[in-house]
Amino acid sequence: MIWKKHSILTPPTDEEIVLLDEETLIEIHSIYHEAIDNAERDPYRFGFRLPHWDKAEEQLTDVTEIVALGGNRSGKTQWGAFTVVRAALENPGSEIFCFSQTAEVSIRQQQSAVWDWLPAEMRMKQTTSGTYISYTKKNGFTDQSLILPNGSQIIFKTYSQYQNNPTILEGAELGSRNPKWHNVGVWLDEYLLGPEMINTLRFRIATRDAKLLLTFTPIDGYTEVIKEYLEGATTLQTRPAELLNGELVPYIQRSKKLNASVHYFHSQDNPFGGYDRIKDTLKGR
């Protein structure tokens, strides 16, 4: 009997199998593969969400901004995309901006992740009245945006667009007027600009009391904006870092200066991220 390999689900061991009757074993085999197939077909409803995502989501009740500082392949982009999709689906009439470094990065990372998290029935081209979802892997979403059946719109932009024309943020009222879930208004991925743009966005999310998500991997150190979140922050939870010989490091922090929660996404917490390979690559560094 062949069992499909999976990063989270594990089939019964040989020792367990010999204790099962044939009918029970066939049933377990069917349930196991059905769970994998459902997750691939409709990840929004049946996919595997990681435990550290729940910790970040819990904090959205108490703060207006969440910062996810992630190691390589820690799942922070997938978390950002899932949170944006859920907010758009559950909060009618949402307007959500998603910012990336460049148009290429937006298409390859942000837009593809948002597409993957859309419910299965929405991952088919829809151009009916009030709904517009058209996507290709090469070009991303048509016009760099999509409109869901409930009137929510997700709009993809780049930091260079803002640098060339700061007025692209004028008049925007981000989030939903009638939220049923966390009212996300903007997602900033790898934010490398100064405080001006993010300060402007704070006014755009204030009208509808919306939330700001920021995902960032500090490969070359952190920026002035990230420093503002971290300086004097209170550590709420710590955890040992495997690659630092078990040294305790911050896991969840509350910003001193801003109404924000800071979360550290560890690469080893993402079973889909190839942590063993990353660990081997970083050996001795």
> Would Gln144 and Ile107 count as a side-chain contact (heavy atoms from CB on, under 4.5 Å) if you check the C-alpha gap in whole Å, the side-chain angles of each, and the deciding distance to 0.1 Å?
Replying inline: CA-CA 9 Å; Gln144 308 303 292; Ile107 292 169; 4.2 Å; yes

| query | When you look at CD of Glu173, are more than 12 heavy atoms from neighbouring residues, nucleotides or ligands closer to it than 6.0 Å? | reply | yes

So ring-ring contact (aromatic ring centres under 6.0 Å, His included) across residues 226-264, not counting sequence neighbours, yields Tyr251-His266

(request) Decide yes or no for Leu201 and Leu174: does some side-chain heavy atom of the first lie under 4.5 Å from some side-chain heavy atom of the second? (result) yes

So the salt bridge (charged side-chain N to carboxylate O under 4.0 Å, His left out) pairs with at least one residue in residues 111-121 (sequence neighbours excluded) are Arg45-Glu121

Kindly indicate whether the side chain of Thr61, heavy atoms from C-beta on, has any atom under 4.5 Å from the side chain of His182.
yes

Of all heavy-atom pairs linking Gly246 and Pro240, the shortest is O-CB, 3.5 Å

Sequence neighbours excluded, the answer for side-chain hydrogen bond (donor to acceptor under 3.5 Å, both in side chains) partners of Asp280 is Lys283

ring-ring contact (aromatic ring centres under 6.0 Å, His included) pairs touching residues 151-173, sequence neighbours excluded, are Phe99-Tyr159, Phe141-Phe156, Tyr159-Tyr191

| message | One thing to verify: whether Glu57 and Arg86 come together as a salt bridge, which I'm taking to mean a side-chain N less than 4.0 angstrom from a carboxylate O. | response | yes

In terms of heavy-atom contacts, Gly93 and Ser152 come closest through N-OG, 3.4 Å

Non-hydrogen side-chain atoms of Val184 and Asn91 separated by less than 4.5 Å: no

With side-chain contact (heavy atoms from CB on, under 4.5 Å) as the test, would you mind laying out the steps for Val225 and Phe216 before giving the verdict? CA-CA 11 Å; Val225 168; Phe216 187 80; over 6 Å; no

Are Val84 and Phe265 grouped together when hydrophobic residues (ILVMFWY) are joined by side-chain heavy atoms under 4.5 angstrom apart? yes

| message | Are there over 12 heavy-atom neighbours, none belonging to Ile31, within less than 6.0 Å of that residue's CD1? | response | yes

So salt bridge (charged side-chain N to carboxylate O under 4.0 Å, His left out) across residues 16-38, not counting sequence neighbours, yields none

Review point. Does a side-chain N-to-carboxylate-O contact under 4.0 Å join Asp269 and Arg239?
Key: yes

Is it the case that Thr131 and Gln126 place a side-chain donor and acceptor less than 3.5 Å from each other?
no

Worksheet item: Yes or no on side-chain contact (heavy atoms from CB on, under 4.5 Å) for Trp3 and Ile28, after CA distance, side-chain angles and deciding distance?
Response: CA-CA 11 Å; Trp3 299 80; Ile28 293 174; 3.9 Å; yes

With the side chain counted from C-beta on, respond yes when Gln163 and Glu196 share a heavy-atom pair under 4.5 Å apart, and no when they do not.
no

Is atom CZ of Phe203 surrounded by more than 12 heavy atoms (other residues, nucleotides or ligands) closer than 6.0 Å? no

The single option from Lys211, Arg202, Lys257 that satisfies salt bridge (charged side-chain N to carboxylate O under 4.0 Å, His left out) with Glu65 is Arg202

Short side-chain to backbone donor-acceptor contact, Ser145 and Ile155, under 3.5 Å
no

(request) Would you please test Val63 and Arg254 for side-chain contact (heavy atoms from CB on, under 4.5 Å) and show each step? (result) CA-CA 9 Å; Val63 300; Arg254 183 62 60 88; 3.7 Å; yes

Worksheet item: Applying the 4.5 Å side-chain criterion to the ILVMFWY set and letting contacts propagate, would Trp79 and Ile96 be lumped into a single cluster?
Response: yes

In terms of heavy-atom contacts, Ile17 and Leu25 come closest through CG2-CD2, 3.9 Å

>> Membership question, hydrophobic clusters at under 4.5 Å side-chain separation (ILVMFWY): are Trp53 and Leu236 in the same one?
In response: no

- prompt: Does a sphere of radius 6.0 Å around CG in Asn38 hold more than 12 heavy atoms from other residues, nucleotides or ligands, not counting ones at 6.0 Å or beyond?
  reply: yes

By side-chain hydrogen bond (donor to acceptor under 3.5 Å, both in side chains), Trp117 pairs with (sequence neighbours left out) Gln78

Any donor-acceptor N/O pair, Asn150 side chain to Leu89 backbone, under 3.5 Å
yes

When Phe48, Tyr44, Trp187 are each screened for ring pair (Phe, Tyr, Trp, His ring centres under 6.0 Å) with Phe82, the one that passes is Tyr44

Query raised in the report: Ser176 and Asn178: side-chain donor and acceptor closer than 3.5 Å?
Result: no

For Asp209, is there any backbone N or O sitting under 3.5 Å from a side-chain donor or acceptor partner on Thr64?
no

